[in-house]
Amino acid sequence: MTSPLPADRPKGAPGGWGAPLATIFAVQVTAGFMLQLLPTTAPALMAQRGWSEGTIGYLSALIMSCSIVVLLACGPLLRRFGPLRVIQVQFVVGAFGALLLGLPAALAPLATCFLLGSAYGPTAPAGSDILHRFSPPRHHALIFSIRQAGVPLGAAGAGLVLPLALSAGGLAAATGVTAAVLVGCACLVQPMRRRADADRVSTDRTPLGMALGLPFKAIWGLRDLRGLAAIGGFLAVGQGVLNAFLVTFLVTTLSVPLESAGLIFAAMHGGGIVGRLLAGWLADRLRSGLAVLRIAAIGGVMSSLYLSVASQDWSLAVWLVPAAATGVFVFGWNGVLMSEVARRASAGTIGETTAGATTIIYLGLMLGPAGFAAVHGLLGGFDLAFIGFGAWPALAILLSIVLHPRATSSS
């Protein structure tokens with residue numbers, strides 16, 4: 001994604017692109033790990049705090065709502081303090097939020113959601129700003145594809161590590177590991193800080209109201225951009241639902257052991273890593289990002305159907321392959337959609353345009369878990385709720401057809 005920063009910021013910064021890519025990849029992995037703290041520990045939190053199965057959905061929605069606010073408002077902060085410094089500070093804030101989850105106070109989970117969401121918000125625009133300046137144009141697609149794979153890699157790591165930490169040392173161990181990962185990354189990227197933030201404008205005083213309005217203004221004027229942003233929001237619903245509920249569904253409904261559920265969760269995000277790289281390659285081969293988005297949406301519908309018929313009789317081996325396939329389809333489309341948005345943006349507005357589209361995607365990540373929790377509570381089970389969640393990628397397919405009946409590069 002491209003950041004909500006002015007399009008005329010200097011490019012071609014000296015010193016090579018390997019270190020900036022490694023830095024931002026580490027940031028993305030850490031962000032993906034951080035976001036899975038609540039979903040992977042949800043069964044333990046439910047038992048400890050007496051939560052219903054739908055509570056995790058509402059908390060996940062709260063995280064993303066905080067991310068949206070920070071995403072929209074962070075442009076002036078990135079210009080004034082530098083993108084990497086903002087990431088470092090917010091990761092330390094996120095570490096504090098992770099530790100709060102272990103406190104017995106009733107409001108501690110809400111504070112955790114607020115701080116984790118605040119920590120996640122600036123990662124996409126800040127990382128894109130750095131890569132945009134350091135990456136040679138001939139390698140942009142490859143570099144951004146590698147960067148996009150960082151979030152599912154971090155989520156897969158959380159699925160493997162956090163359930164084990166929870167079993168070994170309880171909630172305090174899981175929150176401690178998450179905090180350590182966040183602080184560790186903030187320290188790890190410090191050597192890159194001077195280069196990454198070299199062109200910050202310390203005198204920038206852009207009004208907050210202007211920063212909040214520019215992303216929406218950039219996408220609202222063009223039908224194609226509005227449609228692509230809506231497709232991204234529809235597809236993001238599936239990501240939000242599976243991130244929030246898969247582990248809880250496996251443990252509470254299918255009686256899968258927590259460690260095995262974490263492994264299935266990791267397999268899904270491992271598929272997402274492959275999917276993000278594969279989707280970018282396929283879009284280039286087909287010369288159509290929209291065709292790849294339709295394929296992803298079809299896979300999302302199929303994933304909802306297989307989850308609706310899942311059985312306690314399924315072995316771990318039976319789960320791993322479809323979980324990985326789900327990751328390929330449900331988590332693999334993000335980079336392709338954002339490249340399509342950037343390609344169709346007006347000259348000089350790529351930053352604001354992609355920030356606006358990202359906001360719509362975050363809305364899908366926010367509303368998906370909350371809506372699923374409400375439907376689950378109304379229907380009293382996961383099977384019909386999973387069938388219902390399949391309607392969102394189906395809407396993405398229909399909208400893509402309305403926008404462009406022929407998914408070609410000239411669309």
Side-chain angles (χ1 to χ4, degrees), residues 1 25 28-36 38-40 60 63-64 67 120 123-124 127 144-160 231-247 249-250 261-283 289 292-307 319-340 357-358 360-369 372 386 389-390 392-393 396-397:
M1 301 178 197
F25 186 77
Q28 294 295 100
V29 171
T30 303
F33 191 100
M34 168 186 67
L35 282 185
Q36 306 314 319
L38 278 166
T40 54
S60 296
I63 290 175
M64 293 315 304
S67 294
Y120 184 70
T123 55
F144 274 75
S145 294
I146 294 172
R147 172 269 183 99
Q148 287 294 106
V151 171
L153 178 60
L160 293 173
I231 289 172
F234 291 155
L235 292 177
V237 169
Q239 291 186 1
V241 167
L242 291 179
N243 269 330
F245 286 102
L246 181 62
V247 172
F249 168 62
L250 292 171
L263 183 59
I264 295 168
F265 186 85
M268 179 180 70
H269 282 286
I273 298 169
V274 174
R276 294 195 177 195
L277 299 177
L278 180 62
W281 173 84
L282 185 60
V292 174
L293 295 176
R294 291 176 183 172
I295 294 171
I298 292 170
V301 173
M302 295 173 62
S303 298
S304 70
L305 295 177
Y306 105 80
L307 286 168
W319 265 108
L320 291 177
V321 172
T326 294
V328 169
F329 290 111
V330 177
F331 291 85
W333 53 267
N334 298 61
V336 170
L337 185 134
M338 296 314 300
S339 68
E340 282 291 301
T358 302
I360 303 302
I361 292 172
Y362 281 12
L363 283 173
L365 293 173
M366 178 186 75
L367 297 175
F372 189 91
F386 276 125
F389 119 77
W392 294 102
I397 297 171

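Two residues are said to be in side-chain contact when any heavy atoms from C-beta on lie closer than 4.5 Å; V241 and W392 fail this criterion. Residues P393 and I298 fail the side-chain proximity criterion, which asks for heavy atoms closer than 4.5 Å. The shortest distance between side-chain heavy atoms of V151 and V29 does not fall below 4.5 Å.
When all heavy atoms of V336 and G280 are compared, the pair lying nearest together is CG2-N, 3.8 Å. Heavy-atom minimum distance, A244 versus S60: CB-OG, 3.5 Å. Contact detail for P369 and G240: the closest heavy-atom pair is CG-O, 3.4 Å. When all heavy atoms of G390 and S304 are compared, the pair lying nearest together is CA-OG, 3.3 Å. Between W333 and A296, the shortest heavy-atom distance links the atoms CB-CB, 4.0 Å. The minimum heavy-atom distance linking A396 with L235 is given by the pair CB-CD2, 3.9 Å.
Of the possible donor and acceptor atoms, none in the side chain of R276 sits under 3.5 Å from a partner among the backbone N and O of N334.
A distance of 7.5 Å separates OG1 in T40 from CZ in F33, rounded to the nearest 0.5 Å. A distance of 6.0 Å separates CZ in F389 from CG in L307, rounded to the nearest 0.5 Å. If you take CD on Q36 and CG on L160, they are separated by 12.0 Å, rounding to the nearest 0.5 Å. In this structure, CH2 in W319 is found 10.5 Å from CE in M268, a value given to the nearest 0.5 Å. Once rounded to the nearest 0.5 Å, the distance linking CD1 of I295 with CZ of F329 reads 8.0 Å. The CG atom of L153 lies 10.0 Å from the OG1 atom of T30; values are rounded to the nearest 0.5 Å.
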Decide yes or no on side-chain contact (heavy atoms from CB on, under 4.5 Å) for H269 and N243, but give the supporting numbers first. CA-CA 9 Å; H269 282 286; N243 269 330; 2.8 Å; yes

Might you work through the side-chain contact (heavy atoms from CB on, under 4.5 Å) test for T326 and L246, ending with a clear yes or no? CA-CA 12 Å; T326 294; L246 181 62; over 6 Å; no

For V237 and L367: C-alpha separation, side-chain torsions, deciding distance, then whether side-chain contact (heavy atoms from CB on, under 4.5 Å) applies. CA-CA 7 Å; V237 169; L367 297 175; 5.9 Å; no

When you look at L35 and Y120, which way does the side-chain contact (heavy atoms from CB on, under 4.5 Å) test go after all the steps? CA-CA 8 Å; L35 282 185; Y120 184 70; 3.5 Å; yes

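Ring geometry for F386 against F372 counts as tilted: the plane angle lies between 30° and 60°, on a 0 to 90° scale.
Partners of S67 according to the side chain to side chain donor-acceptor pair (under 3.5 Å) rule, which considers only residues two or more places apart in sequence or in another chain, do not exist here.
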